[in-house]
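Step one of this worksheet: look at the structure below.
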Protein chains: 2
Amino acid sequence: MATIRDVAKRAGVSVATVSRVLNQNGYVNEETEKRVRQAMKELNYKPSEVARALFKKTSKTVGLIVPDITNPFFPELVRAVEDVMNIYDYTVILCNSDEKVEKEREYIEVLKQKYVDGVILTTNQLTPDEVDEWDVPIVVLDRPFHERYPSVVADNYGGARLATRHLYEMGCRRIAHIQGPMHVVNAVERFRGYQDEMMELGIWEQRLVIQGNYQLKQAKEAVMAALTDHEIDGIFAGNDAMAVGALKAVQQCGLRVPDDIAIIGYDGIPLTEMTTPELSTVSQPIYEMGAIAARILIKQIEGKPLEKIHYQLPVQLMVRQSTSRREQT
Amino acid sequence: MATIRDVAKRAGVSVATVSRVLNQNGYVNEETEKRVRQAMKELNYKPSEVARALFKKTSKTVGLIVPDITNPFFPELVRAVEDVMNIYDYTVILCNSDEKVEKEREYIEVLKQKYVDGVILTTNQLTPDEVDEWDVPIVVLDRPFHERYPSVVADNYGGARLATRHLYEMGCRRIAHIQGPMHVVNAVERFRGYQDEMMELGIWEQRLVIQGNYQLKQAKEAVMAALTDHEIDGIFAGNDAMAVGALKAVQQCGLRVPDDIAIIGYDGIPLTEMTTPELSTVSQPIYEMGAIAARILIKQIEGKPLEKIHYQLPVQLMVRQSTSRREQT
DNA sequence: CTGAAAGCGCTAACAA
DNA sequence: TTGTTAGCGCTTTCAG
């Protein structure tokens, strides 16, 4: 690997001059510049980002902490972040936290040691006070966190109401909800949306609420159990994986979807179009969320003002086969 | 952020001494060591990985280049790599190449500028000669590349034979194959396995081969077209996404799976258990592949000898509903 | 056993 | 317009 000294020597100039053309700052003679560029090309010179980082305390690298890339909600989010970071010449370090605060903390430590310029965070358990101490630009993604941190989330509450109302309009009256884990803010908001809508419709019943943990399997079993207890004619699942679980449970019980029980999920991951019947869902603009998060992180890093600090993106009701039946009310 | 100088000052020793306890090399008095550790703790000192990297030309970071994290085959692979890298205190930079050589090249350039210690690569188009020039430890993952590079792949050829044979044993005689893109080595091997098995069974017909590109949608359309042409009683799809496409096409044509047409996929991604009927598939040990790749990369980095340079892992036939019908022959 | 000093590759004053 | 110098935070000889 050629260093800046090699280039300087070859071009017959000082190291400082090379640095100047590299960073396009300071004045440099056109002729000289040409020679320098020539030398850089000949030696195939690429500046060491590490040396730069040491001096500037900035590394053109950001951290991205997600619970688990294996959860089908995240790949698209990650992809979006990577895509826009890439455009701005940032590189992204991927961290899977498994929702463990401990792991989040460890990652942050490591990331700071590497002088990352910022981090995008999907978390619940961290307290704002702790994050304050980190002293790194942060953007919070997917889950509402605290006012003073820029955030990009979708309208969970509204989406949940939308889904519930949709089932109602499809003729359902005994609409169950499979909750996500209650320590995830998202899940709570979706539950609240469901609850409020049900109350407003005058069909709220506590026992229609089914505990879930965002996992297919557990949801399937829970629905299985619920089905024997009392008749249900619609299910609003807190996420798509659980909706698939519900679908399987219902089918396994010999009931038909949507005729006996209509099902709607939440998130809008590609999976929902792969089942039979295809699943209705509340689709979040996943890619856009990631992309916006990346952009505002960059703005923060570059010290540019954010015209807006909290983004709440609209969700969209995707009506598919799993809720298409009876007449609308 | 406290620096090593701060620690040295506080402990009343030289910077060199602190460095010695940090790296556990050289001799250092027990008493002194205690004082130094104390000081480190008090100041919450964490060494700058960047400064270290500059000196050592090694950054405790590796690159991971995959085509597209959004492709459901990769999240688990990525997760595995991240997990084991994490254990050994490495950090991973995720790169999506979209199968574009250009992007791969760019990423490598950037990664080298950051002094990554190695990279794990999923690629087709690069030539070994080019990779030679990179001068970075490499491990090739998921797709056979070139002898002189350590690799971790699954037995594509064998798996394809297995799948084909399985359909045959389930009574299928007109077994179609939806190919993956022929510029992906994987897909070619699977095709060859299918072809050889079909020939051996004496039921090979060129027109049973359907062009696919690993995408659900395209596969669905292609199968749709193929179904009208000639009767088919079994489909071996080059990957799981295409198997879902086939499933949808078949169902949409009013045919039953597996009774009219049996379908088997390839890869063993979670998706296959979410469809109805659940899809038979040839399951690759995805997590293990990623984990092994990570481990041998680390060995290479640390200059340890590899007891084995090429890993070909066995695949497993997962028989599920989509191929469970008639009697075995 | 410990300290002083040089240097990893780059940037940013400060002079010239 | 350019060169000289110091230094980012760490590690490693080389003396002591």
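All values below come from the heavy atoms of this structure, side chains included, with hydrogens, waters and symmetry mates left out. These figures come from a predicted structure and were not determined experimentally. To find a chain, count down the sequence lines: A is the first, B the second, and so on, and within it residues start at 1.
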task = Describe, in one word, how the ring planes of A:His146 and A:Tyr149 are oriented to each other, choosing from parallel (under 30°), tilted (30 to 60°) and perpendicular (over 60°).
result = perpendicular
query = End-to-end bend of the helix from C:dC1-D:dG16 to C:dA16-D:dT1 (five-pair axes, 10° rounding)?
reply = 50°
Among pairs that include at least one residue of [range], which meet salt bridge (charged side-chain N to carboxylate O under 4.0 Å, His left out), considering only residues two or more places apart or in two chains?
range                       : answer
residues 113-132 of chain B : B:Arg105-B:Glu130, B:Asp129-B:Arg148, B:Asp132-B:Arg148
residues 24-34 of chain A   : A:Glu33-A:Arg37
residues 84-101 of chain B  : A:Arg79-B:Asp98, B:Asp98-B:Lys103, B:Glu99-B:Arg143

Can you tell me how far [atom2] of [N] sits from [atom1] of [X], to the nearest Å?
X        : N      : atom1 : atom2 : value
A:Glu49  : C:dC8  : CD    : P     : 19 Å
B:Asn25  : D:dC10 : CG    : P     : 15 Å
B:Lys114 : C:dG9  : NZ    : C1'   : 16 Å
B:Lys9   : D:dG9  : NZ    : P     : 12 Å
B:Lys34  : C:dC1  : NZ    : C1'   : 17 Å
A:Asn23  : C:dA13 : CG    : C1'   : 15 Å
B:Ile4   : D:dG9  : CD1   : C1'   : 8 Å

query = With a 4.5 Å heavy-atom cut-off, do B:Leu306 and B:Pro150 have their side chains touching?
reply = yes
Of A:Thr122, A:Thr123, A:Asn124, the residue whose pairing with A:Glu104 passes side chain to side chain donor-acceptor pair (under 3.5 Å) = A:Thr123
ask   = If you measure from CG on B:Leu121 to CD1 on B:Ile138, what distance do you get to the nearest 0.5 Å?
value = 5.5 Å
Sugar-phosphate only, base, or nothing, as touched by A:Ser48 at under 4.0 Å among non-hydrogen atoms = sugar-phosphate
Stepwise side chain to side chain contact (heavy atoms under 4.5 Å, CB included) test for B:Met1 and A:Asp135 = CA-CA 10 Å; B:Met1 284 261 86; A:Asp135 189 33; over 6 Å; no
key: Listed partners of A:Glu133 passing side chain to side chain donor-acceptor pair (under 3.5 Å), at least two apart   = none
request  = Could you encode protein contacts along nucleotides 1-8 of chain D as a string, one character per nucleotide from 5' to 3', using B for base contact, S for sugar-phosphate-only contact and - for no contact, with a heavy-atom cut-off of under 4.0 Å?
outcome  = BBBB--BB
